[in-house]
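Here is the structure we will look at.
Convention: sequence-line order gives letters A, B, ...; per-chain numbering from 1.
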There are 2 protein chains.
Amino acid sequence: MSKSSGFSSVASRAAQATDAAAHASVRAAHANELAEDYVEAIAMLIASRGEARVVDLAQAMGVTHVTVVRTIARLQREKLVISQPYRAIFLTPAGQSLATRSRERHELVVAFLRSMGVSASIAERDAEGIEHHCSPQTLAAFARSMRTRQTRK
Amino acid sequence: MSKSSGFSSVASRAAQATDAAAHASVRAAHANELAEDYVEAIAMLIASRGEARVVDLAQAMGVTHVTVVRTIARLQREKLVISQPYRAIFLTPAGQSLATRSRERHELVVAFLRSMGVSASIAERDAEGIEHHCSPQTLAAFARSMRTRQTRK
DNA sequence: TTGACTTTGTAGCCGATGCTACACTTTGCC
DNA sequence: GGCAAAGTGTAGCATCGGCTACAAAGTCAA
Ligand SMILES: [Mn+2]
Ligand SMILES: [Mn+2]
Ligand SMILES: [Mn+2]
Ligand SMILES: [Mn+2]
């Protein structure tokens, strides 16, 4: 087994360690992802409709109300939202803060993709996933790229 | 409920439909993600060590061997790999094809981030997540950006 | 006020992806 | 050939995030 057929075992072991860290990082991002999108959606609903209700969130996320109810329960455990039976959903200060950061990051990623020539609807779709995997350094690179406008098309 | 406090209900309903589609798209991407990274890792192991074993995959993905075994069982159900007890893991033609496409996309995303000035290790980490959320149009934009070299430091 | 409609909650199912603990097979070396 | 170590498999647990079906609560208009 592992006959290391002619190639450097050392090099591939090192590469594996790097890979493992990257994959662990992706798993961590996924663990936060839903929370980020929910608080962002809640903040937008409060801004546009005055309050965030379970049905509206279900509509926004494209899931059933049951899924929303359980997710909101988790977010409440994590002190990001406040929710009482049959009432609207509110954001805690921590939730507010996360919502603001998430919205700004979302808008940055969308704007960057648009600046690369990606169409609005596709930029929106791709950004919804990409946003959760961008380190501060990558976000900075996106912002810099847009500032130093090389006006693409 | 939904008192639509002064804002356009029509506009926010339309925005919600768009949002829902984007979130659905992200969920779909996540459903394929692990398969893509596994076949990519398997192909790399075969190239570098001659064969892909459960332990090597566990090392590469940063999970326990138990998780690898169950995931490989799923990939076999999906006809992407061939696996027999206590033997090395092989790719089916479909698995090979997916591995090649995944590797090329992975390399494109890493190269693009590098071209934006992101450091090698961070580009590798971010790309591991970003790669699964890039539409063909976005990938094309990345490739175009690198071709029309505006040599960013 | 009351009854229909809307909204929210609950029960219980599923699959995916992590884990530990333990059992079994294979491999390699003496 | 036999034994220890390494590799692989299995049992069983947990969490998360989907779902349907049904129950309960709230809202609104006649
Ligand atoms: Mn998102
Ligand atoms: Mn993702
Ligand atoms: Mn990946
Ligand atoms: Mn990858």
Can you find a donor-acceptor N/O pair under 3.5 angstrom joining the side chain of A/H65 to the base of C/dG9?
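Side chain to base: pair found, below 3.5 Å.
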
[X] [atom1] - [N] [atom2] separation (whole Å):
X     : N      : atom1 : atom2 : result
B/D37 : C/dT17 : CG    : P     : 11 Å
A/E78 : D/dC16 : CD    : C1'   : 11 Å
A/Q76 : C/dG9  : CD    : P     : 10 Å
A/I72 : C/dT8  : CD1   : P     : 11 Å
A/L34 : D/dC16 : CG    : P     : 11 Å
B/E51 : D/dA6  : CD    : C1'   : 14 Å
B/H30 : C/dT17 : NE2   : P     : 12 Å

Closest to the [X] side chain, choosing from [options]:
X     : options                : result
B/R74 : D/dT20, C/dT17, D/dA24 : C/dT17
B/V63 : C/dC19, C/dG9, C/dT17  : C/dC19
B/R53 : D/dT8, C/dG9, D/dT20   : D/dT8
B/R77 : D/dG17, C/dA16, D/dC19 : C/dA16

Any idea how A/H30 and A/H133 line up, ring-wise: parallel (<30°), tilted (30 to 60°), or perpendicular (>60°)?
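A/H30 vs A/H133 ring planes: perpendicular.
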
Check A/R105 with A/E107, please: is the shortest side-chain N to carboxylate O separation under 4.0 Å?
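Salt bridge flag = no for A/R105 with A/E107.
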
In plain terms, say whether B/R49 and B/E51 are close enough for a salt bridge, that is, a side-chain N and a carboxylate O under 4.0 Å apart.
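Salt bridge absent between B/R49 and B/E51.
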
What does B/R87 touch in the nucleic acid at a heavy-atom separation under 4.0 angstrom: a base, only the sugar-phosphate, or nothing?
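No contact.
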
Scan B/V66 against the nucleic acid and name what it touches under 4.0 Å (heavy atoms): base, sugar-phosphate only, or nothing.
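Base contact.
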
Crowding at CZ, A/R87 (>12 non-hydrogen neighbours, <6.0 Å):
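No, the 6.0 Å shell around CZ holds no more than 12 heavy atoms from other groups.
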
First of A/Y86 and B/Q84 reached from the 5' end of DNA chain D, by closest nucleotide
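Nearer the 5' end of the strand: B/Q84.
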
Would you kindly compare B/R70 and B/A52 by the position of their nearest DNA chain D nucleotide and give the one closer to the 5′ end?
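Checking each residue's closest nucleotide, the 5'-ward one belongs to B/A52.
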
So, OP1 or OP2 of [N]: does either fall under 4.0 Å of a side-chain N or O from [X]?
X     : N      : answer
B/T71 : C/dA16 : no
A/R27 : C/dT17 : no
A/T67 : D/dG18 : no

Between the side chain of B/T92 and the main-chain N/O of B/K79, is any donor-acceptor distance below 3.5 Å?
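A pair under 3.5 Å: yes.
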
Specify the residue among B/P85 and B/A31 whose closest nucleotide of DNA chain C lies further upstream toward the 5′ end.
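Mapping each residue to its closest nucleotide by heavy atoms, the 5'-most match is B/A31.
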
